[in-house]
> 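Please read through the structure below; I'll follow up with questions.
All ligand and atom numbering here is 1-based and tracks the order in the structure.
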Amino acid sequence: MTETPADRPPRRRKPLRPVEVVSVSRLAPRLVSVLVRGDALDGFRIEAPTGHVKVFLPADGQDDPAVRTYTPVRFDEASKTLELQFVLHGTGPASEWAERAGPGDKLEVAGPGGRFVLDETATHWWLAADESAIPAVATLLEALPATATADVHIEVADADDDALHLAAVAVTLAIAAHLAQALRGGHLLFGRDRAFRG
Ligand SMILES: Cc1cc2nc3c(=O)[nH]c(=O)nc-3n(C[C@H](O)[C@H](O)[C@H](O)COP(=O)(O)OP(=O)(O)OC[C@H]3O[C@@H](n4cnc5c(N)ncnc54)[C@H](O)[C@@H]3O)c2cc1C
């Protein structure tokens, strides 16, 4: 029997969690790490890599917030602090918000969600992503068993743009350093000019 939309149970909306920006740092020219904190993050857990949250951000000239999808990179239960990383791609409420975000800014987060199940038996991974998936790739690399190896391909918006290329390389090398143990024996490939670790 084919299930119709009317047969499906209504999707339960995840509650909105009001949070406040506690710090902002540039990981690369076009990648901003934003730490948000709030008691409403009580019970938040990142159970699997490549999850997502909805962020509700004030948008210029709009009554309603802009709702966008971002990757929860790290969550510290003790301080109820969540890290999100925003790629600055230019126009767009979320990118523009991140570009000027500062401590005290308020937003809401809903989630996390995601159904990714890590296959712990996979010995080698081949990952391809665009810039906006760099945070998701980082969460996946971090979760890999220490014996797994990975090839990571990051597509940058303009391979001739040094700043852009550097952004991808800088972040991915940071990930590689952080994951040196996990990646031992493996190698990473980045963008057009390829940076190797192996
Ligand atoms: C599961 C999931 C997880 C994600 N995690 C992250 C994350 O952790 N960090 C992150 O930065 N992004 C992430 N994204 C992508 C992010 O949701 C989009 O880039 C989002 O559209 C940005 O919103 P905006 O308001 O800045 O731009 P929008 O208002 O959505 O778009 C404005 C214009 O910018 C263009 N645009 C939107 N995004 C990009 C982009 N990345 N590069 C180039 N042009 C773009 C659009 O095509 C449009 O022309 C994720 C997406 C998904 C589905």
> Please state which option from Thr69, Val73, Leu31, Thr71 has its nearest heavy atom closest to atom 16 (C) of ligand 1.
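Result: the heavy atom closest to atom 16 (C) of ligand 1 is in Thr69.
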> Under 4.0 Å from any heavy atom of Ala94, which atoms of ligand 1 are there?
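Close to Ala94: 23 (O), 24 (P), 25 (O), 26 (O).
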> What atoms in ligand 1 come closer than 4.0 Å to a heavy atom of Phe86?
11 (O)
> Is Arg45 atom CZ crowded by more than 12 heavy atoms from other residues, nucleotides or ligands, each under 6.0 Å away?
no
> Tell me, with the steps shown, if Leu127 and Leu140 meet side chain to side chain contact (heavy atoms under 4.5 Å, CB included).
CA-CA 10 Å; Leu127 306 174; Leu140 179 54; 3.6 Å; yes
> Do Ser33 and Gln85 have a side chain donor and acceptor closer than 3.5 Å?
no
> I want to know if ligand 1 touches His52 in the polar sense, i.e. an N/O pair below 3.5 angstrom.
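Checking ligand 1 against His52, no N or O pair falls under 3.5 Å apart.
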> Record the part of Pro93 in heavy-atom contact with ligand 1 below 4.0 Å; permitted values are side chain, backbone, both and neither.
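Answer for Pro93: both.
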> Just heavy atoms, cut-off under 4.0 Å: does Glu131 contact ligand 1 by side chain, backbone, both, or neither?
neither
> side-chain contact (heavy atoms from CB on, under 4.5 Å) with Trp97: which of Asp60, Val34, Val55?
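For Trp97, the side-chain contact (heavy atoms from CB on, under 4.5 Å) test succeeds with only one of Asp60, Val34, Val55, which is Val34.
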> By number and element, which atoms of ligand 1 are closer than 4.0 Å to a non-hydrogen atom of Gly92?
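Within the 4.0 Å cut-off of Gly92, ligand 1 contributes 24 (P), 25 (O), 26 (O), 27 (O), 29 (O), 32 (C).
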> Tell me the nearest of Lys54, Gln85, His89 to atom 31 (O) of ligand 1, using heavy-atom distances.
His89
> Hey, what do you get for CG (Leu57) to CZ (Arg68), rounding to the nearest 0.5 Å?
8.0 Å
> Just go through Ala98, Pro72, Ser132 and tell me whose heavy atom is the nearest to atom 19 (O) of ligand 1.
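That would be Ser132.
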> What atoms of ligand 1 come closer than 4.0 angstrom to any heavy atom of Pro135?
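Result: 7 (C), 8 (O), 9 (N).
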> What part of Asp130, side chain from CB on, backbone N/CA/C/O, both or neither, has a heavy atom under 4.0 Å from ligand 1?
neither
> Got a donor-acceptor contact below 3.5 angstrom from the Asp39 side chain to the Asp42 backbone?
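Checked: no pair found.
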> Is a side-chain N or O of Ser95 found less than 3.5 angstrom from the main chain of Gly92, in a donor-acceptor match?
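No, Ser95 side chain to Gly92 backbone: no donor-acceptor pair under 3.5 Å.
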> Which heavy atom of Ala94 sits nearest to which heavy atom of Phe86, and what is that distance?
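Between these two residues, the closest heavy atoms are O-CD2, 4.0 Å.
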> Numbering the atoms of ligand 1 from 1, which are under 4.0 Å from a heavy atom of Val87?
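In order of number, 10 (C), 11 (O).
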